[in-house]
Amino acid sequence: MHTVGGLLLTEGLADLTFERIAREAGVSKTTLYKWWPSVGALALDGYFHAVEDTLAFPDTGDIRADITTQLHHFVELMTTTPAGRLLTELIGYSQTDKDLAAEYRRRYSSQRRELATERFQRAQDAGQIRSTVNTGVLVDQLWGSVYHRLLIPDEPVDFAFADALIDNLFEGITTRP
(Lines give C-alpha, C1' and ligand atoms only; values in the text may rest on other atoms or scores of the structure.)
Protein backbone atom coordinates (compact mmCIF):
# COMPACT_ATOMS: atom_id res chain seq x y z
CA MET A 1 0.00 0.00 0.00
CA HIS A 2 2.88 2.36 0.66
CA THR A 3 4.00 1.94 -2.96
CA VAL A 4 0.54 2.74 -4.31
CA GLY A 5 0.04 5.65 -1.93
CA GLY A 6 3.40 7.12 -2.89
CA LEU A 7 2.75 6.78 -6.62
CA LEU A 8 -0.70 8.31 -6.27
CA LEU A 9 0.39 11.28 -4.22
CA THR A 10 3.25 12.09 -6.57
CA GLU A 11 1.73 11.23 -9.95
CA GLY A 12 -2.04 10.84 -9.65
CA LEU A 13 -4.18 8.20 -11.31
CA ALA A 14 -3.42 8.79 -14.98
CA ASP A 15 -0.56 6.31 -15.40
CA LEU A 16 -1.51 3.90 -12.63
CA THR A 17 -1.90 0.32 -13.87
CA PHE A 18 -1.77 -3.11 -12.27
CA GLU A 19 1.40 -3.74 -14.28
CA ARG A 20 3.13 -0.63 -12.95
CA ILE A 21 2.10 -1.26 -9.36
CA ALA A 22 3.23 -4.89 -9.54
CA ARG A 23 6.60 -3.81 -10.93
CA GLU A 24 7.11 -1.01 -8.37
CA ALA A 25 5.95 -3.12 -5.41
CA GLY A 26 7.74 -6.28 -6.50
CA VAL A 27 4.60 -8.42 -6.50
CA SER A 28 2.75 -10.32 -9.19
CA LYS A 29 -0.23 -8.90 -11.05
CA THR A 30 -2.13 -12.04 -10.03
CA THR A 31 -1.71 -11.07 -6.38
CA LEU A 32 -3.09 -7.61 -7.07
CA TYR A 33 -6.06 -8.94 -9.05
CA LYS A 34 -6.79 -11.37 -6.22
CA TRP A 35 -7.27 -8.57 -3.68
CA TRP A 36 -8.57 -5.62 -5.75
CA PRO A 37 -11.25 -5.79 -8.46
CA SER A 38 -9.95 -2.74 -10.33
CA VAL A 39 -6.98 -0.40 -10.39
CA GLY A 40 -9.32 2.28 -9.04
CA ALA A 41 -10.17 0.15 -6.00
CA LEU A 42 -6.45 -0.47 -5.44
CA ALA A 43 -5.77 3.25 -5.81
CA LEU A 44 -8.42 4.06 -3.23
CA ASP A 45 -6.88 1.59 -0.79
CA GLY A 46 -3.47 3.19 -1.31
CA TYR A 47 -4.96 6.66 -0.85
CA PHE A 48 -6.72 5.61 2.34
CA HIS A 49 -3.52 4.26 3.85
CA ALA A 50 -1.62 7.41 2.86
CA VAL A 51 -4.05 9.80 4.60
CA GLU A 52 -5.54 7.71 7.42
CA ASP A 53 -3.37 9.09 10.25
CA THR A 54 -3.76 12.70 9.13
CA LEU A 55 -7.54 12.41 9.17
CA ALA A 56 -7.91 10.82 12.61
CA PHE A 57 -10.51 12.30 14.94
CA PRO A 58 -9.12 13.58 18.22
CA ASP A 59 -11.17 13.18 21.40
CA THR A 60 -10.04 15.71 23.99
CA GLY A 61 -13.50 16.04 25.50
CA ASP A 62 -14.13 19.35 23.71
CA ILE A 63 -16.21 18.60 20.61
CA ARG A 64 -15.79 22.01 19.03
CA ALA A 65 -11.98 21.95 19.40
CA ASP A 66 -11.79 18.36 18.16
CA ILE A 67 -13.95 18.99 15.09
CA THR A 68 -12.02 22.19 14.33
CA THR A 69 -8.72 20.29 14.53
CA GLN A 70 -9.94 17.47 12.30
CA LEU A 71 -11.60 19.75 9.76
CA HIS A 72 -8.46 21.91 9.58
CA HIS A 73 -6.37 18.78 8.96
CA PHE A 74 -8.78 17.74 6.21
CA VAL A 75 -8.73 21.20 4.58
CA GLU A 76 -4.93 21.34 4.76
CA LEU A 77 -4.58 17.87 3.26
CA MET A 78 -7.02 18.70 0.47
CA THR A 79 -5.52 22.08 -0.41
CA THR A 80 -1.77 21.84 0.22
CA THR A 81 -0.93 18.29 -0.81
CA PRO A 82 -1.61 16.18 -3.90
CA ALA A 83 -4.21 14.29 -1.81
CA GLY A 84 -6.92 16.83 -2.65
CA ARG A 85 -6.46 16.49 -6.40
CA LEU A 86 -6.24 12.74 -6.01
CA LEU A 87 -9.45 12.50 -4.00
CA THR A 88 -11.37 14.48 -6.61
CA GLU A 89 -9.89 12.18 -9.30
CA LEU A 90 -11.00 9.11 -7.36
CA ILE A 91 -14.51 10.53 -6.95
CA GLY A 92 -14.61 11.29 -10.67
CA TYR A 93 -13.42 7.82 -11.67
CA SER A 94 -15.93 6.26 -9.28
CA GLN A 95 -18.72 7.60 -11.49
CA THR A 96 -17.79 5.07 -14.20
CA ASP A 97 -15.92 2.37 -12.24
CA LYS A 98 -18.53 0.44 -10.24
CA ASP A 99 -15.84 -1.45 -8.31
CA LEU A 100 -14.18 1.80 -7.28
CA ALA A 101 -17.57 3.30 -6.35
CA ALA A 102 -18.37 0.33 -4.12
CA GLU A 103 -14.92 0.41 -2.52
CA TYR A 104 -15.12 4.20 -2.07
CA ARG A 105 -18.35 3.79 -0.10
CA ARG A 106 -17.13 0.73 1.82
CA ARG A 107 -13.53 1.65 2.46
CA TYR A 108 -13.46 5.43 2.61
CA SER A 109 -16.67 7.43 2.84
CA SER A 110 -18.58 5.04 5.10
CA GLN A 111 -15.64 4.70 7.48
CA ARG A 112 -14.96 8.45 7.53
CA ARG A 113 -18.66 9.14 8.17
CA GLU A 114 -18.75 6.55 10.93
CA LEU A 115 -15.72 8.04 12.70
CA ALA A 116 -17.19 11.55 12.59
CA THR A 117 -20.65 10.36 13.65
CA GLU A 118 -19.19 8.40 16.56
CA ARG A 119 -17.28 11.49 17.73
CA PHE A 120 -20.47 13.58 17.61
CA GLN A 121 -22.39 10.83 19.42
CA ARG A 122 -19.82 10.81 22.23
CA ALA A 123 -20.32 14.56 22.49
CA GLN A 124 -24.07 13.98 22.70
CA ASP A 125 -23.53 11.44 25.47
CA ALA A 126 -21.41 14.03 27.30
CA GLY A 127 -24.16 16.65 26.99
CA GLN A 128 -22.22 18.90 24.60
CA ILE A 129 -24.77 18.49 21.81
CA ARG A 130 -28.55 18.26 22.19
CA SER A 131 -29.80 14.68 22.17
CA THR A 132 -32.30 15.48 19.41
CA VAL A 133 -29.61 16.46 16.88
CA ASN A 134 -29.06 14.01 14.02
CA THR A 135 -25.30 13.44 14.11
CA GLY A 136 -25.22 12.02 10.58
CA VAL A 137 -26.60 15.27 9.27
CA LEU A 138 -23.91 17.18 11.17
CA VAL A 139 -21.31 15.17 9.28
CA ASP A 140 -23.00 16.02 5.97
CA GLN A 141 -23.21 19.71 6.88
CA LEU A 142 -19.51 20.02 7.64
CA TRP A 143 -17.66 17.64 5.34
CA GLY A 144 -20.30 17.73 2.60
CA SER A 145 -19.74 21.47 2.31
CA VAL A 146 -16.00 20.97 1.94
CA TYR A 147 -16.46 18.23 -0.67
CA HIS A 148 -18.84 20.50 -2.57
CA ARG A 149 -16.23 23.23 -2.77
CA LEU A 150 -13.53 20.74 -3.74
CA LEU A 151 -15.61 19.34 -6.59
CA ILE A 152 -17.18 22.62 -7.71
CA PRO A 153 -14.42 25.14 -7.03
CA ASP A 154 -16.42 28.36 -7.19
CA GLU A 155 -15.20 29.40 -3.75
CA PRO A 156 -12.00 28.63 -1.83
CA VAL A 157 -11.53 25.79 0.63
CA ASP A 158 -9.52 27.28 3.47
CA PHE A 159 -9.40 27.54 7.25
CA ALA A 160 -11.67 30.60 7.22
CA PHE A 161 -14.32 28.55 5.41
CA ALA A 162 -13.90 25.63 7.84
CA ASP A 163 -14.16 28.00 10.81
CA ALA A 164 -17.29 29.65 9.37
CA LEU A 165 -18.89 26.20 8.94
CA ILE A 166 -18.07 25.31 12.52
CA ASP A 167 -19.25 28.67 13.87
CA ASN A 168 -22.55 28.42 12.00
CA LEU A 169 -23.09 24.84 13.06
CA PHE A 170 -22.20 25.17 16.73
CA GLU A 171 -24.32 28.25 17.24
CA GLY A 172 -27.32 26.01 16.58
CA ILE A 173 -26.32 22.77 18.33
CA THR A 174 -24.37 23.56 21.46
CA THR A 175 -26.13 23.18 24.78
CA ARG A 176 -26.85 26.31 26.76
CA PRO A 177 -26.50 26.54 30.54
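What you see is a predicted model; the values in this text were computed from it and never measured.
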Locate the shortest heavy-atom distance separating Ser28 from Ala22; write the atom from each residue and the value. C-CB, 4.1 Å
So Phe120 and Ile63, do their side chains get closer than 4.5 Å, heavy atoms only? yes
Begin with the C-alpha distance, continue with both residues' side-chain angles, and end with the deciding distance and a verdict on side-chain contact (heavy atoms from CB on, under 4.5 Å) for Leu115 and Gln111. CA-CA 6 Å; Leu115 290 171; Gln111 287 186 21; 5.5 Å; no
Side chains of Glu103 and Asp99: closer than 4.5 Å at any heavy-atom pair? no
If we only count heavy atoms from C-beta on, is the Asp45 to Trp36 side-chain gap below 4.5 Å? yes
According to a 4.5 Å side-chain heavy-atom criterion applied to Ile, Leu, Val, Met, Phe, Trp and Tyr, with indirect links allowed, do Ile21 and Val27 form part of one hydrophobic cluster? yes
Tyr147 versus Met78: any side-chain heavy-atom pair under 4.5 Å? no
Membership question, hydrophobic clusters at under 4.5 Å side-chain separation (ILVMFWY): are Val137 and Phe170 in the same one? no
Which heavy-atom pair separates Thr88 from Leu151 by the least distance, and what is that distance? CG2-CD2, 3.8 Å
Do you know which of Leu71, Val157, Leu165, Leu150 makes side chain to side chain contact (heavy atoms under 4.5 Å, CB included) with Ser145? Leu165
Indicate yes or no: at least one non-hydrogen side-chain atom of Leu138 is less than 4.5 angstrom from one of Leu169. yes
Rounded to the nearest 0.5 angstrom, the CG-CD distance for Asn134 and Gln141 is 9.0 Å
Can you measure from CG (Leu90) to OG (Ser109) and round to the nearest 0.5 angstrom? 11.5 Å
Between atom CG of Leu100 and atom CZ of Arg107, what is the distance when rounded to the nearest 0.5 Å? 13.0 Å
Quick one: closest heavy-atom pair of Arg130 and Gln124, and the distance? O-NE2, 3.0 Å
Is a side-chain donor or acceptor of Ser110 paired with a backbone partner of Arg105 at a separation under 3.5 angstrom? yes
Verdict with reasoning, Glu155 to Phe161, per side-chain contact (heavy atoms from CB on, under 4.5 Å): CA-CA 9 Å; Glu155 296 288 330; Phe161 174 60; over 6 Å; no
How about Phe74 and Phe57: are their ring centroids closer than 6.0 Å? no
Would a 4.5 Å heavy-atom cut-off, applied to side chains only, mark Arg122 and Arg119 as touching? yes
In this structure, CG of Asp97 is separated from OH of Tyr104 (nearest 0.5 Å) by 14.0 Å
Identify the two heavy atoms, one from Ala101 and one from Ser94, that lie closest to each other, and give their separation to 0.1 Å. CB-O, 3.3 Å
First locate atom CG of Asp140, then atom OG1 of Thr117, and finally report the distance between them rounded to the nearest 0.5 Å. 8.0 Å
If the plane angle is over 60° it's perpendicular, under 30° parallel, otherwise tilted; pick one for Phe18 and Tyr33. tilted
Test log, rule salt bridge (Lys or Arg N to Asp or Glu O under 4.0 Å), inputs Glu19 and Arg23: CA-CA 6 Å; Glu19 293 78 15; Arg23 185 175 59 251; over 6 Å; no
To the nearest 0.5 Å, tell me how far Trp143 CH2 sits from Arg112 CZ. 8.5 Å
Just do the side-chain contact (heavy atoms from CB on, under 4.5 Å) check on Thr68 and Phe159 with the steps written out, would you? CA-CA 9 Å; Thr68 300; Phe159 292 153; over 6 Å; no
Taking C-beta and beyond as the side chain, do Val133 and Gln121 meet within less than 4.5 Å on heavy atoms? no
If every non-hydrogen atom of His72 is compared with every non-hydrogen atom of Ala162, which pair is closest and at what distance? CD2-CB, 4.0 Å
Quick one: are Asp66 and Gln70 in side-chain contact, heavy atoms under 4.5 Å? no
